[in-house]
Amino acid sequence: SPVEMPEDIPEEETLFKSNRSICGGIVPGIRYLLYIDPRRYAEVETLDRKKSLGRVVGKINQKKEVIEGKIILMGPGRWGSSNIDLGVNVTYGDISNAAALVEIAWGEAGHHPEVSFGTHFFLDLVEAQIIYLPIYPSVQSMLLNEDFLLRSENALAGLLPEAAGYADVIKLIDIPLSTGGKFAKILADPEKQIAICFLEKPGAQGENQPKIEETERET
């Protein structure tokens with residue numbers, strides 16, 4: 001059904017916007033955001049290390065805190081591609097508990113890397129009601145809040161200590177801990193092909209307040 005889009009969200013409170021191939025839905029109270037910087041991903045030197053990123057994502061996907069708190073997965077290109085250079089090497093089992101899967105096509109010199117438009121997991125995404133969104137940050141009508149993604153604390157080592165060595169590539173943001181208690185909310189309108197993810201205090205729209213149990217944080 002149609003989704004009412006707010007028009008008064010400050011840009012600094014907006015995490016991303018998209019207007020391409022939108023799946024519809026409303027997801028409030030999202031606690032975690034996992035971000036793999038496309039530029040850092042391109043700099044990973046060995047094939048084995050690139051492949052292992054998907055296994056780390058899979059372990060995060062199965063964490064109790066993530067399943068209960070909900071998570072957005074964001075990363076470069078074609079998630080699930082057999083070509084490791086085109087995107088993160090995951091299976092559906094590695095992303096099955098995500099609230100949303102966001103593929104980032106970072107344009108360089110006028111060239112936009114291809115995204116998969118969710119085709120690698122399409123039926124699984126539909127059945128699990130996982131929202132799929134592509135983002136082209138260099139397109140004026142879209143937005144990716146890099147400032148928030150880069151300045152927020154990385155909670156990876158606290159949630160998954162054995163993955164601390166991947167903190168240079170994988171950024172796990174515990175959103176309420178980085179924003180003073182705000183959570184992420186996604187609104188996606190399939191008719192107008194518009195989606196937005198923004199920060200919101202719990203209960204702002206009469207929704208139940210998410211429960212937070214703080215994970216151990218790196219000292």
Side-chain angles (χ1 to χ4, degrees), residues 15-16 23 25-37 40-41 51-76 79-80 87-104 118 120-121 124-133 135 145 148-188 195 197-202 207-219:
L15 301 187
F16 57 81
C23 301
I26 300 173
V27 188
I30 302 170
R31 178 177 178 180
Y32 291 102
L33 189 157
L34 184 149
Y35 176 61
I36 298 178
D37 188 321
R40 292 287 184 91
Y41 182 81
K51 285 183 176 180
S52 64
L53 293 176
R55 309 295 75 76
V56 175
V57 173
K59 289 180 180 179
I60 294 170
N61 177 66
Q62 296 299 330
K63 295 292 288 186
K64 176 177 177 285
E65 298 93 329
V66 167
I67 295 172
E68 293 180 351
K70 291 179 282 192
I71 188 169
I72 300 168
L73 303 179
M74 303 181 67
W79 284 67
V88 186
N89 178 239
V90 291
T91 66
Y92 175 70
D94 296 318
I95 66 167
S96 59
N97 292 312
L101 177 67
V102 180
E103 294 185 325
I104 303 170
H120 290 106
F121 324 102
D124 293 312
L125 295 178
V126 171
E127 185 175 348
Q129 298 184 332
I130 298 172
I131 292 177
Y132 166 78
L133 301 170
I135 292 182
N145 191 338
F148 173 82
L149 296 173
L150 296 178
R151 67 177 167 77
S152 296
E153 181 181 347
N154 195 340
L156 179 63
L159 186 73
L160 195 67
E162 65 267 32
Y166 290 88
D168 59 324
V169 183
I170 297 176
K171 184 77 169 281
L172 181 68
I173 301 172
D174 191 332
I175 297 170
L177 292 181
S178 296
T179 62
K182 295 180 181 179
F183 288 74
K185 181 175 183 177
I186 295 176
L187 300 175
C197 178
F198 58 96
L199 299 173
E200 180 181 74
K201 281 286 188 181
E207 293 144 359
N208 294 329
Q209 181 166 339
K211 179 181 178 182
I212 302 180
E213 295 179 1
E214 184 170 348
T215 56
E216 181 181 352
R217 304 178 73 182
E218 187 177 9
T219 58

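Just so it is clear, the values below take in all heavy atoms, side chains as well, and ignore hydrogens, waters and symmetry mates.
- Looking at L160 and L172, their side chains never come closer than 4.5 Å, going by heavy atoms from C-beta outward.
- Of the possible donor and acceptor atoms, none in the side chain of D174 sits under 3.5 Å from a partner among the backbone N and O of A155.
- Nearest heavy atoms, Y41 versus G87: OH-O, 2.8 Å.
- With hydrogens and angles ignored, the 3.5 Å screen pairs a side-chain donor or acceptor of K171 with a backbone N or O of S152.
- When every heavy atom of A184 is checked against every heavy atom of I175, the shortest pair comes out as CB-CD1, 3.6 Å.
- Remark: the backbone N or O of N89 is paired with a side-chain donor or acceptor of R55 at under 3.5 angstrom.
- In this structure, CG in L15 is found 7.0 Å from CG in L149, a value given to the nearest 0.5 Å.
- What you find for G54 and V90 is that their closest heavy atoms are CA-CG1, 3.7 Å.
- By the 4.5 Å heavy-atom criterion applied to side chains, W79 and V88 are counted as neighbours.
- Side-chain atoms of Y166 never come within 3.5 Å of backbone atoms of L53 as a donor-acceptor pair (strictly under, hydrogens ignored).
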Might you work through the side chain to side chain contact (heavy atoms under 4.5 Å, CB included) test for N61 and L34, ending with a clear yes or no?
CA-CA 10 Å; N61 177 66; L34 184 149; over 6 Å; no

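- Going from atom CD1 of I67 over to atom CD of Q62 covers 5.5 Å, rounded to the nearest 0.5 Å.
- N145 contributes no side-chain N or O that, together with a main-chain N or O of F16, makes up a donor-acceptor pair within less than 3.5 Å.
- Listed here is the closest heavy atom pair of I186 and A100: CD1-CB, 3.5 Å.
- Nearest heavy-atom pair across L133 and A195 is CD2-CB, 3.6 Å.
- Atom OG of S96 sits about 6.5 Å away from atom CD1 of I130, to the nearest 0.5 Å.
- Separating the OH atom in Y35 from the CE atom in M74 is a distance of 7.0 Å, to the nearest 0.5 Å.
- In plain terms, the two heavy atoms of I60 and L156 that are nearest each other are CD1-CD1, 3.6 Å.
- Proximity of I71 to I30: side-chain heavy atoms (C-beta onward) are nowhere separated by under 4.5 Å.
- Residue I173 holds its CD1 atom at 13.0 Å from CZ of R31, rounded to the nearest 0.5 Å.
- By the 4.5 Å heavy-atom criterion applied to side chains, F198 and K185 are counted as neighbours.
- Here the straight-line distance linking atom CG of N97 with atom NZ of K70 works out to 12.5 Å at 0.5 Å rounding.
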